Amino acid sequence: MVLFHRTTSSTFLWYRLNLCRYKHRLNHPGVHIPHGVQYQVPYNLPDEYTEQSLYPPIRSKHPPGSWGSMESKKAWMHFELGEKYYRHLKCVKERLTIMAYQNMMCYYDELDVEQIDSKLIWMLTGRPRSPRCLPFYKHITQTHVTDELPKFYEQMDVESLLNYVKPILIDRILTDEYAQKEDIPLEDMYDKGDYKVPSVMRDKQLEMDKKQTTNVLTKMIRTIVNVLAEHKPYLRKTMIGSDVPIEAWWSSNLNGMKLDRAKWHHDSNTTSFQFRDKASVQVKTDRPLRSIVDPNSTLCQTPVPLCPYPPPAYKVFTDRYLPMQIPGHWHGEGHDFNLLTVYPMDSIYRYDSYFGEDELLPSLMSWIVNASHAELLAQAYYLGFSMWREPTYPLIAQTILSNRRQWIFGVYQLNTISHFKPHDAHTTSNICWVSPLMNLYDGIENGELVNFNDDVLRHLLRFILNEPTQQPNWNLRPYVEDITNLDERYRKFIRNLYEVVKLDQQDSREHHRWAKVHHGTTVFNRRYAMMTTLFKDIVFDNWPREWYGRTLERIERKKSMPTIKEYDLLMPVTR
């Protein structure tokens with residue numbers, strides 16, 4: 001038997017044998033210590049030992065709450081991000097400003113020049129641009145839709161008020177309709193021989209129709225509120241606005257869908273949506289509406305089916321925009337709860353004439369779902385809730401679509417806003433009730449309304465007579481801290497920081513759409529950097545390091561700090 005290779009020398013074999021012989025002895029614990037000097041292990045525990053372990057507890061696989069199939073690392077990332085928002089930021093205005101700034105992408109080019117760019121967001125409007133899009137809007141808003149209004153409204157007796165309001169409302173409608181007939185037709189405003197671009201003329205005509213609809217709806221709602229305020233004291237404290245902007249931003253889980261655009265920078269498996277639209281009329285109160293159903297009921301636990309098609313399949317495209325939350329007013333103006341919101345639907349008949357009769361009602365239902373969800377989502381952010389803090393009580397919205405003659409009513413109950421979680425993590429869904437499309441009247445003949453429909457007026461009166469909760473027994477803003485104990489300089493910093501967002505909202509949007517203008521930066525970033533520089537001591541002491549911004553990092557490295565005169569924006573910014 002051959003034990004070793006032939007080329008192995010005897011010296012090498014002797015070295016290998018001795019090495020293997022002493023290898024085990026070197027690892028023996030008693031080789032280097034004489035047997036008489038070995039230390040005995042004490043049997044009595046020292047005094048510093050305690051009965052309870054001093055080690056930190058082992059972190060569970062997922063944070064508290066329902067996370068479904070989300071990875072443990074990403075779940076803890078979202079949980080810690082939400083804790084950071086509510087641990088460091090003391091005011092809702094700070095949270096809204098930071099949310100807007102996080103969409104700005106700062107980087108340095110090859111010449112070491114700072115460049116600012118804003119990320120892409122899927123832009124939504126109230127009017128759907130594609131037929132058969134209701135499953136898509138139900139999916140991204142986590143909403144279950146029913147085709148009838150809640151039975152709660154049928155219990156309200158409005159017959160006596162109907163007979164009192166009906167003649168007043170008919171007189172108002174006739175007055176407004178006859179006054180609009182004196183307007184000059186759009187074709188007569190230009191020379192007969194000039195060529196008129198059809199698309200331009202169509203847009204101008206649509207703007208005129210929407211303006212007329214807004215004027216008529218505003219006068220109708222104001223008339224009814226003024227008449228009923230004599231019997232309902234809560235209507236005397238309401239605020240009625242016209243041409244009200246509604247904007248909302250949220251992050252939605254892709255649920256395995258492959259999308260390379262508009263990904264949220266905290267999690268590549270999520271994308272973001274931004275809603276933008278204007279309501280004709282909005283009635284606001286200082287108290288919330290009563291919930292329609294219990295959030296723990298079986299109706300609210302109805303699963304929402306997934307929509308496998310991407311947003312471009314429904315003519316939803318991306319744009320560069322700052323995330324905004326505007327439920328019809330700026331934060332701090334009071335009356336944070338909405339009683340009634342009316343949208344003009346003239347555009348769905350002019351632009352979307354290719355909709356079939358069986359596709360019109362689902363399109364209007366998707367409009368109500370999208371607009372009501374956006375309005376309540378922005379309202380939830382103003383109350384201190386967010387995607388990391390679910391609302392502790394349901395929020396209710398009453399939405400109406402009308403073109404003066406046709407009306408459709410919708411009621412929406414917001415139960416959850418954490419859309420960034422996967423589909424199997426949602427235990428509660430939002431609910432939307434929608435009525436059929438009804439005609440208020442068929443036409444005007446001989447100074448009278450033909451076939452006036454009392455059911456439409458009944459629905460409208462029930463919406464306005466839905467009295468808010470006067471003294472709720474729960475905390476309306478559980479996650480909003482009291483900032484009265486802060487010093488005056490900190491409160492001034494919060495006010496100025498939010499004024500930057502308000503100023504940018506009213507400014508031109510070209511610098512967001514094209515990203516790089518005015519020396520490679522944007523108007524919002526310059527104002528944000530200036531404001532954080534003026535109050536850099538507050539930012540350094542209270543904000544996390546990743547929220548400082550690249551501007552403050554450069555200022556911190558410089559030896560000579562720039563001296564900028566500190567000022568205060570006391571009045572709201574206007575054009």
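Since the model is a prediction, treat every value here as computed from it, not as a measurement.
- Under 3.5 Å, the side chains of E375 and T341 contain a donor-acceptor pair of N or O atoms.
- Every residue was checked against the salt bridge (Lys or Arg N to Asp or Glu O under 4.0 Å) condition with K232, not counting sequence neighbours, and none meets it.
- Under the 6.0 Å cut-off for aromatic ring centres, Y85 and W388 qualify, their centroids lying closer than that.
- For the pair Q325 and E247, the minimum side-chain heavy-atom distance is 4.5 Å or more.
- H139 has its side chain within reach of L306: a pair of non-hydrogen atoms, C-beta onward, lies under 4.5 Å apart.
- Of the residues K421, Q142, E390, the one that meets the side chain to side chain donor-acceptor pair (under 3.5 Å) test with T416 is E390.
- D336 and H329 are linked by a side-chain donor-acceptor pair at a separation below 3.5 angstrom, with hydrogens and angles left out of the test.
- Y234 does not carry R287 over the face of its six-membered ring by the limits of under 6.0 Å from the centre and within 45° of the normal.
- Of all the heavy atoms in S418 and M387, the pair that sits closest is CB-O, 3.5 Å.
- Judged by distance alone, the side chains of Q398 and N466 do bring a donor and an acceptor atom under 3.5 Å apart.
- The ring of F493 has its center closer than 6.0 angstrom to the ring center of W543.
- Residues Y479 and V92 are not in side-chain contact: their nearest non-hydrogen atoms beyond the backbone lie 4.5 Å or more apart.
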Let me check something: any side-chain donor-acceptor pairs from residues 468-476 under 3.5 Å, sequence neighbours excluded? List them with distances.
residue : atom : partner : partner atom : Å
Q470    : NE2  : E467    : OE2          : 3.4
Q470    : NE2  : P468    : O            : 3.4
N475    : OD1  : R477    : N            : 3.2

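- Each of L401, L217, T214 was checked for a side chain to side chain contact (heavy atoms under 4.5 Å, CB included) with Y343, and the lone residue meeting it is L401.
- The shortest non-hydrogen separation linking P344 to W367 is O-CH2, 3.2 Å.
- By the 6.0 Å and 45° rule, R462 does not stack over the aromatic ring of Y153.
- Inspection of the T125 and D277 side chains reveals no N or O donor paired with an N or O acceptor under 3.5 Å.
- Within a 6.0 Å sphere centred on NZ of K278, other residues, nucleotides and ligands contribute 12 heavy atoms or fewer.
- The closest side-chain donor-acceptor pair between W122 and S272, if any, does not fall under 3.5 angstrom.
- Both tests pass for R59 against the ring of W76: distance under 6.0 Å to the centre and angle within 45° of the axis.
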Go through H373 and H419 one step at a time and tell me if the ring-ring contact (aromatic ring centres under 6.0 Å, His included) criterion holds. CA-CA 12 Å; H373 170 266; H419 304 317; 5.0 Å; yes
